[in-house]
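To keep things clear, I will list the structure first and then write my remarks on it.
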Amino acid sequence: MKIKKIFSLMIIVYLLVACSNEKTKQQSDANATIDSSLSQSDEMKFSLNLTDGGTFFIKKENSVLNFDNKNKAILFVFFTTWCTPCIAEVPHLNKMQEKYKNDFSIIGVLLEDKTNDEINQFIKQHKIVYKIANGENNYLLVKALGKVNGIPTMFLYNKHAKLINQYLGLIPEEMLEIDIQKAVF
C-alpha cells in the first residue's frame with residue numbers, strides 16, 4: 001500500500017515538473033547563428049511562420065514588445081513534440097482557446113526542428129485547435145521574451161501587449177483560466 005502511494009506521488013510530481021531542456025540545449029548550437037545574427041540593440045522586428053500559412057508579426061523596441069494581436073489577449077506556449085507535459089496540457093489549452101476565441105489567441109511556439117508536414121501530423125494527432133509557429137524565428141521570440149529555461153513555458157499577454165504572467169511546467173486549468181479572464185477583460 002505504501003509503495004502504491006509513493007509511486008502515485010512520483011507520477012504526479014513528474015507530470016507537474018517541466019520537461020528537461022536537455023534536447024533544447026542540444027539545439028542551442030544549431031541556433032547559435034540566429035543568436036549571433038541579432039544586433040546588440042534592443043530592437044527587433046520579425047514574423048513567426050504559422051503552420052497554417054499565416055504569419056504573426058512581432059516588434060520589440062526599448063524593451064517593449066508589440067505584436068499584431070488584433071485586440072486579443074495572447075498566450076505564447078513554448079513546447080516540443082517529445083515533451084510529455086506539453087502534450088498533456090493540449091486538451092486544456094484547446095478548451096481555453098474555444099471558450100475565449102473572440103478575445104484570446106494561443107500560439108504554440110515549437111522549439112525543435114520539424115517540417116510543417118510533421119507538425120501538421122502532430123496537430124491532427126492531438127487535435128490542436130490553436131495556431132502553431134514553426135521555424136527559426138521562434139528562437140527570436142525566445143530572445144525577445146527572455147530565456148525559456150524549460151518546457152512547457154508560457155507567456156500570457158493582455159490585449160495591450162502587457163505581460164500578465166509567465167508559467168513554467170504544467171499549470172492547473174483553473175489557474176490559467178483565472179489569468180486569461182484578467183487578460184481579456
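Taking 4.5 Å as the limit, every side-chain heavy atom of Ile58 sits out of range of all side-chain heavy atoms of Met44. Side-chain contact between Lys72 and Tyr100: absent, with no pair of heavy atoms (C-beta onward) separated by less than 4.5 Å. Side-chain contact between Leu48 and Leu141 is present, with heavy atoms from C-beta onward closer than 4.5 Å. Counting heavy atoms from C-beta on, the side chains of Asn158 and Val184 never come closer than 4.5 Å. At a threshold of 4.5 Å between non-hydrogen side-chain atoms, the residues Ile123 and Tyr130 do not count as touching.
Rounding to the nearest 0.5 Å gives a distance of 13.5 Å between NZ of Lys101 and CE of Met96. Of the inter-residue distances, the one linking Phe46 atom CZ with Tyr139 atom OH reads 13.5 Å to the nearest 0.5 angstrom. Atom CG of Leu75 sits about 5.5 Å away from atom CG of Leu156, to the nearest 0.5 Å. Rounding to the nearest 0.5 angstrom, the gap separating the CD1 atom in Ile74 from the CD1 atom in Ile106 is 9.5 Å. How far CG of Leu93 is from CG of Leu176: 6.5 Å, rounded to the nearest 0.5 Å. How far CD1 of Ile132 is from CG of Asn138: 9.5 Å, rounded to the nearest 0.5 Å.
With sequence neighbours excluded, the residues forming a ring pair (Phe, Tyr, Trp, His ring centres under 6.0 Å) with Tyr157 are Phe67, listed by chain and number. Shown here are the side chain to side chain donor-acceptor pair (under 3.5 Å) partners of Gln166, two or more places apart in sequence or in another chain: there are none.
Salt bridge Glu177/Lys99: present, at least one basic N to carboxylate O contact under 4.0 Å.
Closest approach of Thr80 and Leu111 over heavy atoms only: CG2-O, 3.7 Å. Nearest heavy-atom pair, Ala133 versus Ile107, reported as atom, atom and distance to 0.1 Å: CB-CG2, 4.0 Å. Nearest heavy-atom pair, Ile87 versus Thr81, reported as atom, atom and distance to 0.1 Å: CD1-O, 3.4 Å. Scanning all heavy atoms of the two residues, the minimum distance from Gly108 to Phe79 falls at C-CE2, 3.7 Å. Of all non-hydrogen atoms in Ala183 and Ile164, the two that sit nearest each other are CB-CG1, 4.0 Å.
Of the possible polar contacts, none joining the Glu89 side chain to the Ile171 backbone as a donor-acceptor pair under 3.5 Å is found. Using a distance-only test at 3.5 Å, with no hydrogens or angles considered, a donor-acceptor pair links the side chain of Gln97 to the main chain of Phe104. Side-chain atoms of Lys60 come within 3.5 Å of backbone N or O of Ala144 as a donor-acceptor pair. Proximity of a side-chain donor or acceptor of Asn94 to a complementary backbone N or O of Lys127 within less than 3.5 Å is detected. Checking side-chain atoms of Glu118 against main-chain N and O of Thr115 turns up a donor-acceptor pair under 3.5 Å. With hydrogens and angles ignored, the 3.5 Å screen pairs no side-chain donor or acceptor of Asn137 with any backbone N or O of Leu140.
Residues Val77 and Met175 fall within the same hydrophobic cluster, defined by Ile, Leu, Val, Met, Phe, Trp and Tyr side chains chained together at heavy-atom separations under 4.5 Å. Leu50 and Ile128 fall into different hydrophobic clusters, where Ile, Leu, Val, Met, Phe, Trp and Tyr residues are linked whenever their side-chain heavy atoms come under 4.5 Å apart, directly or through other members. Linking Ile, Leu, Val, Met, Phe, Trp and Tyr residues whenever their side-chain heavy atoms come within less than 4.5 Å places Val142 and Ile151 in a single cluster. Both Val148 and Val109 sit in one connected hydrophobic cluster of ILVMFWY residues. Membership requires side-chain heavy atoms under 4.5 Å apart, directly or through other members.
Close placement of the Phe78 and Phe155 rings is indicated, their centers lying within 6.0 Å of each other.
For the side-chain hydrogen bond (donor to acceptor under 3.5 Å, both in side chains) with Asn116, the lone residue among Asn49, Asp52, Asn134 that qualifies is Asn134.
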